[in-house]
There are 2 protein chains.
Amino acid sequence: MILTTQTDATTLTDRVFETLCSAIVEGDIPAGSKISEPDLAKRLQISRASLREAIGRLEACNLVTRKPNVGARVVELNSAQLLEIYHVREALEGMAARLAAQHMTEQEIEELKALVTEHGHQIEQNEDHGHFQHVGDLDFHLLIVQGSHNSRLISLFQHDLYHLVRMYRHQFGLTSQRTKPALVEHYYIVDVIAAGDSEMAELMMRRHVRASRENLERMLSQNDNIE
Amino acid sequence: MILTTQTDATTLTDRVFETLCSAIVEGDIPAGSKISEPDLAKRLQISRASLREAIGRLEACNLVTRKPNVGARVVELNSAQLLEIYHVREALEGMAARLAAQHMTEQEIEELKALVTEHGHQIEQNEDHGHFQHVGDLDFHLLIVQGSHNSRLISLFQHDLYHLVRMYRHQFGLTSQRTKPALVEHYYIVDVIAAGDSEMAELMMRRHVRASRENLERMLSQNDNIE
DNA sequence: CCCCATAACATTGTCGACAATATTCTTGAC
DNA sequence: GTCAAGAATATTGTCGACAATGTTATGGGG
């Protein structure tokens, strides 16, 4: 593992945090594993103080859990918790869509349209073997959250949910099986937001997230039955 | 300022965090003021390392903001941000009420009923000059959030919203002017939750929070006009 | 008198070391 | 061979000091 230098993170702790965050999300540091401060500090060639601050932020992002005098472990992901997140997302992103319909600028809407169109092409050409699918989908949701222009909502989503969702997708390797229906829903949502219909935007976004969750529930119960 | 020893906070950083959290929420450390690490560390008789970790957690709770190489300041609260929080609360607590209607235990419901009843007595006797009003109201909302049995939702509410809401109330000294209508709404919400009607529970909770926000908007615009 | 450059100062970021707590290993009894 | 108690080890929590960056004070030129 090597520290990133390209980002605009000014302080060492920032860089360490970003490095560890990616490493955890992408599974380089496996879920459930213990984080040894001396070991990691040595490998990153930094002091424990900086590392500890970074770990503190990971904890704030719900990526690790800490026990006093024992240490930090990467969070264990189970299906129940994943579904919990989707309930929160349904509420939060529903409101985000509502606010986005009221507050998004012309330019933001254009970007959103471009993203969805691009995403559609990617799928039609079938060039997209799972990876861009997820990234594209998450980008869509992120853009709408940002379009709410509600700083608290944005920060909540980015700090407490975003990384976790990405982590789950990496770990479970969820190929959503409903990319096309999801894409269609994305198109509709963009239209409604562009039309400024906040009521309908919230309704549709909630339905969209709920459908994802229900799809997930089916897949997870299948897996559980196999085991 | 003195460090608390009564709580079960095991580590020094925990105690410092709790101390500072209360101090900020209750205005002992005024909003917008800078937090000097050397000064505070000296006054609390602790090292800067522990203090810095505590400040990190305050940042995670949105109680302070940090600029690299500059330091931490207690958050400035303005009306716009307060309203933003209420939008988030509407979404989050609406979902919480929905889930509470599905998952709350008999005992939890009894506690909730007791709280609301107690709150009603307090108001009728008019013993309640603003203070308990707020605490009681917030307790009500907290109980429902906890009743959702959704750990992510609970943690989101407690870590990112709860302290801020308390801080706003202290600072603005908001006497809500609609304690009685609010109480009636509380009664209804409890009934609906007890009946297990999740759909209606969400609807009513959202309406309740929205009414608070709209009431707030009126009061704030009044204040703004006076200035 | 005002403004800018430079120096003095203060504050934050980072580090290595010690103390307190947890974990592992050893040893002995049953 | 298994279990428990205690010693040895490792890890986390806390501390004080130095380096890097910001901020303020000083002084000279316009």
Side-chain angles (χ1 to χ4, degrees), chain A residues 1-21 23-24 29-30 32-76, chain B residues 1-21 23-24 29-30 32-76:
Chain A
M1 191 186 324
I2 211 70
L3 288 185
T4 60
T5 56
Q6 47 193 350
T7 63
D8 57 349
T10 49
T11 175
L12 177 58
T13 300
D14 287 334
R15 295 198 296 277
V16 174
F17 168 73
E18 288 183 11
T19 302
L20 293 181
C21 191
I24 290 175
I29 302 178
S33 65
K34 186 166 185 318
I35 293 183
S36 162
E37 292 182 8
D39 182 46
L40 244 186
K42 208 183 291 174
R43 275 201 287 174
L44 294 173
Q45 312 220 6
I46 57 171
S47 85
R48 270 184 56 224
S50 306
L51 177 59
R52 278 175 67 83
E53 277 203 45
I55 293 177
R57 284 199 226 171
L58 292 176
E59 188 185 19
C61 290
N62 301 299
L63 290 177
V64 306
T65 53
R66 253 176 163 172
K67 269 193 234 173
N69 293 315
V70 173
R73 299 193 92 86
V74 179
V75 286
E76 284 277 14
Chain B
M1 192 185 326
I2 210 71
L3 289 183
T4 60
T5 56
Q6 48 193 350
T7 63
D8 57 349
T10 50
T11 175
L12 178 58
T13 300
D14 287 333
R15 294 198 296 277
V16 174
F17 168 73
E18 288 182 11
T19 301
L20 293 181
C21 191
I24 290 176
I29 303 178
S33 65
K34 186 166 185 319
I35 292 183
S36 163
E37 291 182 9
D39 183 45
L40 244 186
K42 208 183 292 173
R43 276 200 286 173
L44 294 173
Q45 311 221 3
I46 57 170
S47 85
R48 270 185 56 223
S50 307
L51 178 58
R52 279 176 68 83
E53 278 203 45
I55 293 178
R57 286 200 224 170
L58 292 175
E59 188 185 19
C61 290
N62 300 300
L63 290 177
V64 306
T65 53
R66 254 175 162 172
K67 269 193 235 171
N69 293 315
V70 174
R73 299 194 91 87
V74 179
V75 285
E76 283 279 12

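In what follows, chains carry the letters A, B, and so on, assigned in the order in which the sequence lines appear, proteins first and then strands, with residues in each chain numbered from 1. Being a predicted model, the structure only gives us computed values, none of them experimental.
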Asker: C:dT11 C1' sits how many Å from B:I55 CD1, rounded?
Answerer: 12 Å
Asker: Could you state the interatomic distance from CD1 (B:I35) to CD1 (B:I24), rounded to the nearest 0.5 Å?
Answerer: 4.5 Å
Asker: Applying side chain to side chain contact (heavy atoms under 4.5 Å, CB included) between A:R57 and each of A:L63, A:D14, A:L20, report the one that passes.
Answerer: A:D14
Asker: Quick check: does any side chain N or O of B:R66 sit under 3.5 Å from a backbone N or O of B:A72, one acting as donor and the other as acceptor?
Answerer: no
Asker: Between A:L51 and A:A41, which heavy-atom pair has the shortest distance, and what is it?
Answerer: CD2-N, 3.7 Å
Asker: Going by heavy atoms in the side chains, are A:E59 and A:I55 under 4.5 Å from each other?
Answerer: no
Asker: What string of B, S and - do you get for nucleotides 10-20 of chain D, 5' to 3', when a contact is any protein heavy atom under 4.0 Å?
Answerer: -SBBBB-B---
